[in-house]
Amino acid sequence: MLGTVQVANGNFYYCLMRKKDSLKILLGSNIKFYRAKHGFTQEDFSERIECDVKYLSDVENGWFYPSSEFLLKVIQVLEVPVALLFTQR
């Protein structure tokens, strides 16, 4: 589905496709890794970045490309360079 809109906490997130691919899986697993490394649960982290827990879970599991706004909040809270989120560990 091209152009799907997910709504979480009143924010709109535009998704390219609801289909897993290697880049979405890499990005999601890295967000999950650094979130856990900082000791955040999905619930804690979703509150900090102001998104729905379900949306965070879908991103971490490689279902969605997150919006640039979402990524900006993630790198600010986790204090990691954006490049790390797109790099194989």
Side-chain angles (χ1 to χ4, degrees):
M1 290 184 196
L2 200 53
T4 301
V5 177
Q6 286 287 324
V7 180
N9 294 340
N11 297 315
F12 292 95
Y13 298 99
Y14 297 92
C15 308
L16 296 179
M17 288 185 281
R18 185 166 167 80
K19 177 182 173 190
K20 288 188 179 185
D21 66 38
S22 59
L23 183 59
K24 286 190 273 192
I25 292 168
L26 174 65
L27 177 60
S29 69
N30 282 337
I31 291 171
K32 185 185 299 186
F33 173 81
Y34 290 109
R35 172 185 59 76
K37 187 174 180 180
H38 280 76
F40 296 127
T41 64
Q42 281 188 334
E43 290 79 14
D44 295 334
F45 192 60
S46 66
E47 285 180 19
R48 287 179 182 255
I49 63 172
E50 301 172 336
C51 84
D52 185 75
V53 175
K54 172 72 170 122
Y55 181 75
L56 174 61
S57 176
D58 285 345
V59 169
E60 287 186 347
N61 288 301
W63 286 110
F64 295 122
Y65 283 112
S67 68
S68 55
E69 179 184 339
F70 177 94
L71 275 180
L72 182 60
K73 289 177 182 179
V74 167
I75 62 174
Q76 288 172 339
V77 171
L78 296 180
E79 300 175 331
V80 297
V82 70
L84 277 182
L85 298 179
F86 292 94
T87 304
Q88 289 281 359
R89 283 179 275 106

Are Leu27 and Leu71 packed together at the side-chain level, in the sense that at least one heavy-atom pair is separated by less than 4.5 angstrom? yes
Between Lys32 and Asn61, is any pair of side-chain heavy atoms under 4.5 Å apart? yes
Is there a path of hydrophobic side-chain contacts, each under 4.5 Å between heavy atoms of I/L/V/M/F/W/Y residues, joining [Y] to [X]?
{"X": "Ile25", "Y": "Val82", "answer": "no"}
{"X": "Leu72", "Y": "Phe86", "answer": "yes"}
{"X": "Phe40", "Y": "Leu84", "answer": "yes"}

Rounded distance (nearest 0.5 Å) linking atom [atom1] of [X] with atom [atom2] of [Y]:
{"X": "Leu78", "Y": "Gln76", "atom1": "CG", "atom2": "CD", "value": "10.5 Å"}
{"X": "Asp52", "Y": "Lys54", "atom1": "CG", "atom2": "NZ", "value": "9.0 Å"}
{"X": "Glu60", "Y": "Asp58", "atom1": "CD", "atom2": "CG", "value": "10.0 Å"}
{"X": "Arg35", "Y": "Arg48", "atom1": "CZ", "atom2": "CZ", "value": "12.5 Å"}
{"X": "Arg89", "Y": "Leu26", "atom1": "CZ", "atom2": "CG", "value": "8.0 Å"}

Do any N or O atoms from the side chain of Asp21 and from the backbone of Leu23 form a donor-acceptor pair under 3.5 angstrom? yes
Is there a donor-acceptor pair under 3.5 Å between the side chain of Ser57 and the backbone N or O of Val53? no
Relative to each other, are the rings of Phe64 and Tyr55 parallel, tilted or perpendicular (30° and 60° limits)? parallel
For Ile31 and Phe70: C-alpha separation, side-chain torsions, deciding distance, then whether side chain to side chain contact (heavy atoms under 4.5 Å, CB included) applies. CA-CA 11 Å; Ile31 291 171; Phe70 177 94; 4.1 Å; yes
Test side chain to side chain contact (heavy atoms under 4.5 Å, CB included) on Val74 and Tyr34; report intermediate values, then the result. CA-CA 10 Å; Val74 167; Tyr34 290 109; over 6 Å; no
Here the pair of heavy atoms bringing Thr87 nearest to Asn30 is O-ND2, 2.9 Å
